[in-house]
Trainee: 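Have a look at this one.
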Amino acid sequence: MREGVSLRFFLAGGEIALGQVSAWPNSPLRRGDEAEAPSAAAGNLLEMLQPEEAEFFRLEPGERTAVALLPGDVIEADWQVLRALRVDEQGVPVLQRLDASVNRDADLLRKNGYGIRDGRLAPKLLGLPMSGMPGQFAAGFPVLATSGYDGKLPVLNDTVHSTGRLRLASWDWAIFRPAAGTHVIGPEGAEDVERIHLQVLEAPDVEPAEITVHPRDATLTDLLDGTLEIRIKAPLALEAVAIRLRLTALGEPDIVSDGILERLPTYIAGRAPLLQALRTELTERRVVLQRAARLVVEARGFVPVRVTLRPAHRPFRFDRLSLNWTSEVDEGEKPVGSMTATLSAPFPSATAGFTQSDTTLLLPDSDSPAALASGLVVGGPKTIRPGEIEQTQVPFPRLLREPASRDGQLGLAEVARALLAWRLAEVLGPIADWQRRHVVNRLEAAVVEQLCGRCWQCVEAGVDLSLLSPYGAFRRSAEELGLLSGRDLPVVTQPHDIQFLRRRITTRLEEAVPNLSDALSEWDEQLGGDLDLAVIDAYEDLRSHLIAAGREPFEEVDMSRRPEAWRNALERAREMPLLPMFRQFILPEARWTALMSNPYEILTEDELIDLLDACHVDARRRSGPRWIGRAELRTMLQFWTSPRALLDADDWLGLLAKSLSDVQTARAVRYVALRRKLSRLDLPGEIAA
């Protein structure tokens, strides 16, 4: 062996191939940098680490490598051992081959301090190995053991015999099913040296590698509403996984959405770009909504999943020619009256007709819960001027913190039913949808005020909803620190130009900082300069937008901010998505801590209910049935996150009304709903609050 052994390989336990050997080196360890004159300290350390010269080596199967035997090692009777005797005049080592099963050779090995397993061979084991030290196996799987030289099958813990036998590779194997714990296997009555110690461990809970789609019987409506979720689980944290979603319908071209998942496990839900691409294309092909479609989810390294998305069952149908509703009854149909609501009168009421020039919500006049999910928004203007939607006012009488309306004041039942009707309605045309979402926001604010109180609603109304995304929060914190305006930057006054600039700044910041956490841990002044350039590029995007619209542009911009200010903006943005402004409203403090610190991007609806239930403090606070139980918690959460599923529950309105007398729980549920929207990018459109 002419070459020395690198220190890092020696410390890592690497083996040395014999091959054609030459002189044994006196000092095999050396510095990896090939330094010829190390310092005195380094030289002393190397000298201390030099291995003692080995004399005996265990020859491994194949006889190409050998492992040094240390004094005190126990040698199996079937081992072949090499002994290094000396180095001859030509510098070639002289080796002696020993067989531990031969008495003469075994005696020689014993005299040199090695133990020999006499008479019979200790069993060899097979099982599902666990990571860690040798001899550790997973519980729940059989452990196989071979017989010794005397042909007797081994026993477990001296008393337990095998449950069966197996002939494998010319060996007889005894089958054991040991429970978790420490065990020994060996011939009955054998000495400890002839037995093998093993440890059986319970396997940790590991996520299976699989793709699942929720809800189980998902429909095309779930996809369009944003309630369809794709969960991808993996036993390891994988990164940069390619994924493809393919939607296939008979007679239609496939709709394909490709992307890269940053890491696994993960959820794809809400307004995630992968699903948003499918929804956009699906909305344009309205014919697809009339028949079932197949969704195929393919992720690299996973078995593809195929699910059938059927059109949602609609017990009420609207004839757009006769403008009448019909209801399915015993495989037949019967006419049903209509209820209407408009932007200026958003609460549905019975009517004889409607005006096509107004954006109108049409509902079947029925007490069935399905009627609220069968609405249709029609009419409205053909065009709309910028800023016109912000001027639309949705009038409200005084709100009442009671279930029913009275004395001209709106109760929770009337506002909640109107909110669900507008929110779940099918919309014909983008402008009508824009106006519908404006009404939904107004009605939602009213319900928030009724359930959570006026103070909570005022804080929520003052929160820029774009900060529900990490980069929206980064833009907002930079804006508050004066990094996006002021000196060296033009003044933008038009509302639609301000919105355009905010969108472009958010996009440019994301391009400059792909990972906010990494940016903080790897911060340098160069990144501060990159963020300055991102703001300059965003203003240049607005300038090009003005030129394309034939409007007077501002001059080309240039700016520079202190890198420390950008770092402060990143640190503030890290806390914003936790919505700390609501901390004062969620009591007790333990409930806030529990709700704030959980990873909402991986929690299912059932897990969210478990979270709310675990930190719940009941309003009654006495023995007996709780005022707010799991059924009420689920109803309250589904009202905000999955209203279509809510309508399947009996007495959902009665369960929701209970929260009127427990404002702390109502606030906790609303906070969870907002955090869930954040995790799924299920954010409202850019319209006035």
Side-chain angles (χ1 to χ4, degrees), residues 9-15 54 56-62 65-81 100-101 109-110 113-209 233-238 265:
F9 285 117
F10 170 74
L11 296 179
E15 59 185 22
F56 294 92
F57 300 84
R58 173 171 62 87
L59 192 61
E60 292 194 323
T65 58
V67 178
L69 293 172
L70 302 179
D73 282 353
V74 177
I75 297 176
E76 300 287 356
D78 63 339
W79 282 5
Q80 301 294 310
V81 178
S101 63
L109 292 170
R110 287 193 192 94
Y114 298 100
I116 306 294
R117 299 187 195 274
D118 289 329
R120 42 194 169 191
L121 179 65
K124 297 182 182 295
L125 301 184
L126 284 179
L128 183 62
M130 297 287 288
S131 60
M133 298 297 293
Q136 293 182 341
F137 298 93
F141 294 87
V143 175
L144 309 182
T146 63
S147 63
Y149 276 149
D150 55 9
K152 293 182 179 180
L153 288 177
V155 294
L156 179 69
N157 300 330
D158 293 326
T159 58
V160 181
H161 293 272
S162 63
T163 60
R165 296 188 181 187
L166 178 67
R167 184 73 176 174
L168 182 65
S170 301
W171 286 87
D172 287 322
W173 297 84
I175 303 174
F176 297 94
R177 300 184 183 275
T182 302
H183 307 275
V184 292
I185 289 182
E188 191 171 359
E191 298 178 1
D192 188 66
V193 73
E194 298 173 317
R195 301 187 300 177
I196 291 182
H197 294 259
L198 70 151
Q199 191 174 12
V200 178
L201 305 175
E202 291 287 353
D205 293 333
V206 177
E207 290 270 26
K233 299 186 291 185
L236 301 174
L238 304 178

Trainee: How many angstroms lie between atom CD1 of Ile196 and atom CD1 of Ile185, to the nearest 0.5 angstrom?
Mentor: 7.5 Å
Trainee: Going through the distances and angles, do Leu201 and Phe137 end up as a side-chain contact (heavy atoms from CB on, under 4.5 Å)?
Mentor: CA-CA 6 Å; Leu201 305 175; Phe137 298 93; over 6 Å; no
Trainee: If you look at every heavy atom in Trp79 and Leu69, which pair is closest and at what distance?
Mentor: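 Smallest interatomic distance, heavy atoms only, reads CZ3-CD2, 4.2 Å.
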Trainee: Can you name the closest pair of heavy atoms from Ala179 and Val200 and give their distance?
Mentor: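 Heavy atoms only, the tightest pair is O-CB, 3.5 Å.
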Trainee: When you look at Val184 and Leu198, which way does the side-chain contact (heavy atoms from CB on, under 4.5 Å) test go after all the steps?
Mentor: CA-CA 6 Å; Val184 292; Leu198 70 151; 5.7 Å; no
Trainee: Take atom CZ in Arg177; do more than 12 heavy atoms of anything else shown fall under 6.0 Å from it?
Mentor: no
Trainee: What verdict does the side-chain contact (heavy atoms from CB on, under 4.5 Å) test give for Leu126 and Trp173, after you've listed the backbone C-alpha separation in whole Å, the side-chain angles of each residue and the deciding distance to 0.1 Å?
Mentor: CA-CA 9 Å; Leu126 284 179; Trp173 297 84; 3.6 Å; yes
Trainee: Can a donor-acceptor pair be found, under 3.5 Å and without considering hydrogens, that links the side chain of Asn157 to the backbone of His183?
Mentor: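 Answer holds: no.
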Trainee: Please lay out, stage by stage, how Leu125 and Leu144 fare under the test side-chain contact (heavy atoms from CB on, under 4.5 Å).
Mentor: CA-CA 5 Å; Leu125 301 184; Leu144 309 182; over 6 Å; no
Trainee: Closest heavy-atom contact between Pro265 and Ala234?
Mentor: CB-N, 4.1 Å
Trainee: Could you give the distance from CD1 (Ile175) to NE2 (His161), rounded to the nearest 0.5 Å?
Mentor: 15.5 Å
Trainee: Using a 3.5 Å distance criterion without hydrogens, assess whether the side chain of Ser162 forms a donor-acceptor pair with backbone atoms of Phe176.
Mentor: no
